[in-house]
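Structure first, then comments.
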2 protein chains.
Amino acid sequence: MTTEHTSGTSDPARSLALLWRGGERAGRRGKHDLSVDRVVRAAIELADTEGVAALSMRKVAERLGVGTMSLYTYVPGKSELVDVMVDTVHGELGRHHEAPGGWRARLELIARDNWALCHRHPWLLQVLTSRPPLGPNISLDYEYQLRAIDGIGLSDLEMDSVTTLVTGYVHGAARGSVDAARDQRDSGLTDEQWWDTQAPFLRKVMEPGRFPVSSRVGAAAGEAYNAASDPDQAFEFGLARVLDGLQVFIDRKADAAPER
Amino acid sequence: MTTEHTSGTSDPARSLALLWRGGERAGRRGKHDLSVDRVVRAAIELADTEGVAALSMRKVAERLGVGTMSLYTYVPGKSELVDVMVDTVHGELGRHHEAPGGWRARLELIARDNWALCHRHPWLLQVLTSRPPLGPNISLDYEYQLRAIDGIGLSDLEMDSVTTLVTGYVHGAARGSVDAARDQRDSGLTDEQWWDTQAPFLRKVMEPGRFPVSSRVGAAAGEAYNAASDPDQAFEFGLARVLDGLQVFIDRKADAAPER
DNA sequence: GACTTTTCCGTACACTGTACCGTATGGTAT
DNA sequence: ATACCATACGGTACAGTGTACGGAAAAGTC
């Protein structure tokens with residue numbers, strides 16, 4: 001990680017052409033064992049199984065039986081490779097704009113799909129930033145998310161706010177869940193075991209009277225989840241609250257302007 | 001980043017003693033230019049100004065005018081240093097359990113405080129995982145967050161779910177905001193400028209009919225925010241929705257079990 | 001067969017965290 | 001005052017990172 005700054009080139013034309021696969025020219029000269037798709041697939045497999053920390057150009061090349069620098073023929077650098085990985089896995093998402101049940105059911109489906117995607121590719125959330133790679137799959141997903149709430153009385157700006165809230169919420173909850181799974185794997189300790197190693201020391205260092213409510217609540221949570229928390233339960237609880245909040249918002253708009 | 005696994009030692013007793021400053025023994029022999037606090041303060045300053053990517057043991061040592069390995073006298077490793085950093089900055093949070101205005105006003109205050117904290121220390125969110133360092137400040141914050149909603153008719157488990165939701169939401173929204181600021185700084189381009197570099201290419205590569213809703217909504221958002229999105233506006237919108245959702249939940253409970 | 005284009009890749013550089021071990025320092029016991 | 005030694009400090013080394021550079025080799029075209 002010497003240079004963090006997205007590679008020295010940062011050529012938006014090249015990046016977008018890569019994402020939309022615009023540069024596949026035919027009749028190439030030299031030999032061609034590799035392709036963008038093979039590189040990307042290998043990188044995704046590697047990240048899925050070994051984690052984003054193990055995702056290095058050397059390891060990807062090794063997995064393909066190829067020299068490290070050969071990758072740079074197909075991909076300008078690591079950050080662009082990651083961009084393509086992100087867009088690629090977004091192709092796995094369902095497209096629910098026509099699903100029955102109204103906006104609430106559709107948003108819920110979208111949320112659950114994204115939740116599942118984040119768990120299938122735990123590196124996704126470690127790699128997302130505020131400017132998404134505008135590849136074909138991400139663009140389509142955005143379109144479908146908006147269609148799920150189109151025509152229900154929201155302004156364009158409000159529609160954007162709603163999708164931002166839902167994806168934002170899912171990402172946050174999924175981050176908690178995925179981090180918990182990773183912590184458990186890396187440490188070799190379940191949450192319960194981890195707590196058991198901390199507890200005796202905490203008891204020694206915390207004055208008993210200072211944390212009455214958290215002791216009570218922590219004990220209840222520990223008993224219910226066999227852990228400090230249960231990510232799936234947290235996701236369900238929060239999703240219901242967010243959708244309830246949106247319902248309030250949408251109903252209020254409908255009351256204010258009945259029958260258009 | 002050769003080894004990601006939280007240093008070879010991973011001794012919970014040592015870590016907790018460090019967090020609660022239990023190991024400050026008096027009458028030390030050799031010279032002592034350094035202290036845990038000085039190391040932590042230097043590291044926090046460094047991370048605040050240069051970003052978490054620049055946070056290396058060598059740089060911290062340099063800032064203190066000291067050899068790199070000297071830090072290891074006071075701190076078992078980088079991951080433990082980061083733990084102390086995280087707990088330390090949580091000491092800046094206000095404690096609003098007694099604030100007036102009912103649970104909603106208190107939760108809102110807590111949310112805004114955490115939002116501000118995340119912006120004061122943008123590295124925080126890049127460093128948090130599911131098992132928080134259980135230092136004095138984080139423990140106190142958890143206690144005060146729970147007290148803000150104690151005695152309003154929720155079960156212990158529900159109280160835990162509520163605080164998890166609120167902190168989770170704030171972290172998610174803040175991550176978006178902080179990432180946007182960092183992207184802007186690192187790339188030297190405002191969101192608007194960045195969009196202007198992408199737009200001409202996107203127009204070339206996207207078939208016009210395939211993205212009708214996102215074109216419309218994207219245009220509206222671009223006009224309103226001079227960017228693809230406005231993190232502050234997104235935070236406000238989402239916070240109101242989450243609190244509305246909680247209100248529905250809490251009111252429903254009160255209706256079901258009126259009086260007590 | 002000659003030429004040209006493209007692919008493939010070995011080497012090198014500036015970074016990282018930290019294990020290992022030697023040296024310097026200053027408090028304590030004599 | 002002297003000797004002792006626990007402790008603090010830090011130099012070197014190792015395995016790893018992304019990628020710039022430039023050379024070698026392969027294949028399409030004439």
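Below, chains carry the letters A, B, ... as their sequence lines are ordered, and counting in each starts from 1.
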Report summary line: Here the distance between atom C1' of C:dC9 and atom CG of A:Leu64, to the nearest Å, is 14 Å
**Report entry** B:Asp37/B:Arg21 salt bridge by N-O under 4.0 Å criterion
**Finding:** yes
Report summary line: Regarding the side chain of B:Met57, the nearest nucleotide among C:dT18, C:dT7, D:dT19 is C:dT18
Query raised in the report: Is the shortest side-chain N/O distance from B:Tyr72 to OP1 or OP2 of C:dC20 below 4.0 Å?
Result: no
Report task. Under the salt bridge (Lys or Arg N to Asp or Glu O under 4.0 Å) rule, collect the residues that match up with B:Asp141, sequence neighbours excluded. Result -> B:Arg95
Requested in this report: Please state whether the phosphate of D:dT17, meaning OP1 or OP2, lies under 4.0 angstrom from any side-chain nitrogen or oxygen of A:Ser56.
Outcome: yes
Report task. Just grab all the ring pair (Phe, Tyr, Trp, His ring centres under 6.0 Å) pairs involving residues 113-134 of chain A, residues at least two apart or on different chains. Result -> A:Trp115-A:His119, A:Trp115-A:Phe235, A:His121-A:Trp123
**Report entry** Between C:dT18 (P) and B:Leu71 (CG): distance, integer Å
**Finding:** 11 Å
Query - 5'-most by nearest nucleotide on DNA chain D - A:Thr68 or B:Val66 - result: B:Val66
Requested in this report: Determine: side-chain N/O of A:Ser70 to OP1/OP2 of C:dT7, distance under 4.0 Å, yes or no.
Outcome: no
Query raised in the report: Contact class for B:Leu55 vs. all strands (heavy atom < 4.0 Å): base, sugar-phosphate, or nothing?
Result: sugar-phosphate
Report summary line: Closest of D:dT12, C:dG17, D:dT19 to the A:Met69 side chain is D:dT19
Requested in this report: Send over the distance from A:Leu34 CG to C:dC9 C1', rounded to a whole Å.
Outcome: 12 Å
Requested in this report: Tell whether B:Arg58 reaches the base of C:dG17 with its side chain through a donor-acceptor pair below 3.5 angstrom.
Outcome: yes
